[in-house]
Undergrad: 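Handing you a structure now.
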Amino acid sequence: MKKHLPHACSEWRRLVIGGAAAGMIYLLVALMTGLSAAVSRLDPPVLGSLCGIVSGCIFLAVNTLLLHATIKRIASGRSGPGIYRLSYAGRYLLAGVVLAVGFAFFDPFAVFVVLVSPKITYLVCALAGIGMES
């Protein structure tokens with residue numbers, strides 16, 4: 001298990017790049033269709049969308065690094081399932097906070113698209129039979 005830890009720690013870069021790419025695709029579509037102007041809470045609407053994308057990308061990085069720290073602690077044998085449950089609850093609480101802030105102050109769809117982009121990426125890779133190895 002310890003040989004996979006450096007790989008898990010570098011995963012945040014891949015997730016942030018994927019999240020930013022999904023956010024930029026959303027931004028292009030939202031600007032062309034007027035969705036950004038309709039749902040953004042900031043003026044100009046592009047700023048609300050960009051803030052949503054940035055906050056989502058920051059969450060992806062922090063979430064992955066917190067997961068890495070949890071896995072590292074469990075691999076060292078210092079703690080058991082309790083620390084994993086606490087980490088899981090904390091990371092999802094953090095996701096809820098990011099979504100709440102994004103929905104209240106930024107472009108809600110921009111935040112949501114970035115937060116679900118890893119799930120979509122992993123689903124597409126699994127269905128296509130593409131491995132996620134580095």
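What you see below is based on every heavy atom in this structure, not just the backbone, and it leaves out hydrogens, waters and symmetry mates.
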Undergrad: Measuring from Arg91:CZ to Leu86:CG, what's the distance to the nearest 0.5 Å?
TA: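 Interatomic distance, Arg91 CZ to Leu86 CG, rounded to 0.5 Å: 10.5 Å.
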Undergrad: Checking side chain to side chain contact (heavy atoms under 4.5 Å, CB included) for the pair Leu60/Ser117: CA distance, chi angles, key distance, verdict?
TA: CA-CA 10 Å; Leu60 289 177; Ser117 65; 4.3 Å; yes
Undergrad: I want to check something: taking the side chain as every heavy atom from C-beta on, are Met24 and Leu50 in contact at a cut-off of under 4.5 Å?
TA: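 With C-beta onward as the side chain, the pair touches.
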Undergrad: Run the numbers on Leu67 and Lys72 for side chain to side chain contact (heavy atoms under 4.5 Å, CB included), then give the verdict.
TA: CA-CA 9 Å; Leu67 180 60; Lys72 190 174 181 178; over 6 Å; no
Undergrad: Look at the side-chain heavy atoms of Ile, Leu, Val, Met, Phe, Trp and Tyr, link any pair under 4.5 Å apart, and say whether Leu28 and Phe112 land in one connected group.
TA: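 No: no chain of side-chain contacts under 4.5 Å links Leu28 to Phe112.
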Undergrad: Roughly how far apart are Ser87 OG and Tyr92 OH, rounded to 0.5 Å?
TA: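 Reported value, rounded in 0.5 Å steps: 10.5 Å.
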Undergrad: With a 4.5 Å cut-off on side-chain heavy atoms, are Tyr26 and Asp107 touching?
TA: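 Asp107 reaches Tyr26 side chain to side chain.
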Undergrad: Taking all atoms of both residues into account, what is the closest heavy-atom pair of Cys57 and Gly19, and its distance?
TA: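 Shortest heavy-atom contact: SG-C, 3.9 Å.
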Undergrad: Not counting sequence neighbours, which residues clear side-chain contact (heavy atoms from CB on, under 4.5 Å) with Ala61? List them please.
TA: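 Applying side-chain contact (heavy atoms from CB on, under 4.5 Å) to Ala61 gives Trp12, Val16.
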Undergrad: Would a hydrophobic clustering, with Ile, Leu, Val, Met, Phe, Trp and Tyr connected at side-chain separations under 4.5 Å, put Ile53 with Val29?
TA: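 Ile53 does not cluster with Val29.
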Undergrad: For the pair Val98 and Val111, evaluate side chain to side chain contact (heavy atoms under 4.5 Å, CB included) and give the outcome as yes or no after the intermediate values.
TA: CA-CA 8 Å; Val98 169; Val111 176; 4.1 Å; yes
Undergrad: Could you check whether any side-chain heavy atom of Ser55 comes within less than 4.5 Å of a side-chain heavy atom of Val101, counting everything from C-beta outward?
TA: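 Answer no - side chains too far apart.
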Undergrad: Between Phe106 and Ser49, is the side chain to side chain contact (heavy atoms under 4.5 Å, CB included) condition met? List the steps.
TA: CA-CA 6 Å; Phe106 305 137; Ser49 297; over 6 Å; no
Undergrad: Is it true that Leu99 and Ile58 fall in one hydrophobic cluster, defined by side-chain heavy atoms closer than 4.5 Å?
TA: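 Shared cluster, yes.
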